[in-house]
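The analysis underlying the following values was restricted to heavy atoms, covering all of them including side chains, and did not include hydrogens, waters or symmetry mates.
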Amino acid sequence: MYVPAHFNEPSREILYHLIENNALGVLITHGRSGLDANHIPFELDASHGENGTLRCHVARNNPVWQDVATGDEVLVVFRAGDAYISPQWYPSKQDFHKQVPTWNYIVAHAYGRITIHDDERYVRRNVAKLTHRHESTQPIPWKMGDAPRDFIDTMVKAIVGIEIEITRLVGKAKLSQNKERRDIQNAGEMVNAQGDHPIGQAMLAAAARKV
């Protein structure tokens with residue numbers, strides 16, 4: 001990923017927060033069948049490994065877990081939001097007429113080594129953790145014990161676990177930081193008005209940091 005210095009997000013804590021709050025990642029692999037991409041919800045364990053570990057599961061019928069081998073390098077992409085930016089939103093455009101459209105976004109790229117876990121206990125444990133995390137905000141959280149045991153056993157047997165030890169974490173927050181403060185501020189307000197709040201709020205924060 002091309003990351004100009006002014007768009008670089010070096011904070012591991014910020015990138016962990018991005019992953020935890022935007023759990024649906026794109027797992028990109030290059031296995032025996034060539035390039036592949038799968039959209040999968042991940043659980044981040046920031047305390048495991050030097051840079052953290054990602055865990056997920058896929059359907060047994062999904063060929064990805066057989067197409068790659070344990071130890072292969074993979075990439076997982078997480079996106080926190082994106083928004084089109086019109087040059088009309090930059091006040092400096094009215095003064096100099098030297099602005100063009102662009103697209104702002106916030107992403108994290110997690111590079112790592114994959115391990116396949118065709119292990120029922122591993123899968124059950126990680127499905128339980130993923131479910132607990134995302135059900136915790138529900139008025140009446142669903143838990144695996146709510147379903148008949150034989151049904152859950154059948155479902156668990158139909159999936160395979162995947163673990164990715166992160167070897168490198170790269171973040172990019174493209175928020176018009178290469179523009180004047182007034183441009184970032186006004187464009188951020190316009191993005192917010194359109195309802196793209198993750199990018200709008202991030203742009204306003206970037207404007208506040210601009211010297």
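Side-chain contact between Ile162 and Ile116: present, with at least one pair of heavy atoms (C-beta onward) separated by less than 4.5 Å. Looking at heavy atoms from C-beta onward, Gln194 lies out of side-chain contact with Tyr84 at the 4.5 angstrom threshold. Under the 4.5 Å side-chain criterion, counting only non-hydrogen atoms from C-beta, Val191 is not in contact with Asn104. Two residues are said to be in side-chain contact when any heavy atoms from C-beta on lie closer than 4.5 Å; Arg55 and Lys129 meet this criterion. Using a 4.5 Å cut-off on side-chain heavy atoms (C-beta onward), Val77 and Met1 make no contact. Put simply, the side chain of Leu204 reaches to within 4.5 Å of the side chain of Gln185, judged on heavy atoms. Taking the side chain as every heavy atom from C-beta outward, Thr167 and Arg113 approach each other to under 4.5 Å.
Asp72 and Thr29 share no side-chain donor-acceptor pair at under 3.5 Å. Between Glu163 and Thr53, the side chains place no donor N or O within less than 3.5 Å of an acceptor N or O (distance only, hydrogens not considered). Checked by atom type, the side-chain pair Lys172/Tyr2 shows no donor-acceptor distance below 3.5 Å. Checked by atom type, the side-chain pair Asp118/Trp65 shows no donor-acceptor distance below 3.5 Å.
A distance of 4.5 Å separates CG in Leu54 from CZ in Phe78, rounded to the nearest 0.5 Å. Rounded to the nearest 0.5 angstrom, Ser176 OG and Arg181 CZ are separated by 14.5 Å. In this structure, CG on Leu44 lies 11.0 Å from CD1 on Ile164, to the nearest 0.5 angstrom. Between the CD atom in Glu73 and the CD1 atom in Ile114 there is a gap of 11.5 Å [rounded to 0.5 Å]. Distance check: Ile166 CD1 to Asn51 CG gives 7.0 Å after rounding to the nearest 0.5 Å.
A donor-acceptor pair under 3.5 Å is formed between the side chain of Asn186 and the backbone N or O of Trp89.
Hydrophobic clustering keeps Tyr16 apart from Ile14 (ILVMFWY residues linked when any side-chain heavy atoms are closer than 4.5 Å, directly or through intermediates). Residues Met203 and Trp103 do not share a hydrophobic cluster, clusters being chains of Ile/Leu/Val/Met/Phe/Trp/Tyr side chains in contact below 4.5 Å.
Every residue was checked against the ring pair (Phe, Tyr, Trp, His ring centres under 6.0 Å) condition with His109, not counting sequence neighbours, and none meets it. Residues forming a ring pair (Phe, Tyr, Trp, His ring centres under 6.0 Å) with Phe7 (at least two apart in sequence, or on another chain): none. Listed by chain and number, the residues in a salt bridge (Lys or Arg N to Asp or Glu O under 4.0 Å) with Asp119 amount to none (sequence neighbours excluded).
In His17, the NE2 atom is not crowded: 12 or fewer heavy atoms of neighbouring residues, nucleotides or ligands sit closer than 6.0 Å. Other residues, nucleotides and ligands contribute only 12 or fewer heavy atoms inside 6.0 Å of the CD atom of Glu50. The local environment of CG in Leu35 is crowded, with over 12 non-hydrogen atoms from other residues, nucleotides or ligands closer than 6.0 Å.
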Evaluate side chain to side chain contact (heavy atoms under 4.5 Å, CB included) for Glu165 paired with Thr115, printing each intermediate quantity in order.
CA-CA 8 Å; Glu165 184 174 355; Thr115 299; over 6 Å; no
Please test Arg124 against Ile152 for side chain to side chain contact (heavy atoms under 4.5 Å, CB included), starting from the C-alpha separation and ending with a verdict.
CA-CA 9 Å; Arg124 188 181 296 271; Ile152 293 295; 3.6 Å; yes
Between Asn22 and Ile106, does the side chain to side chain contact (heavy atoms under 4.5 Å, CB included) criterion hold? Intermediate values first, please.
CA-CA 11 Å; Asn22 302 273; Ile106 306 173; over 6 Å; no
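Between Lys93 and Asp183 there is no salt bridge, since none of the side-chain N atoms of the basic residue sits less than 4.0 Å from a carboxylate O of the acidic one. A salt bridge is absent between Lys174 and Asp82: the closest approach of a Lys/Arg side-chain nitrogen to an acidic carboxylate oxygen does not fall below 4.0 angstrom.
For the side chain to side chain contact (heavy atoms under 4.5 Å, CB included) with Lys157, the lone residue among Asp153, Thr154, Ile159 that qualifies is Asp153.
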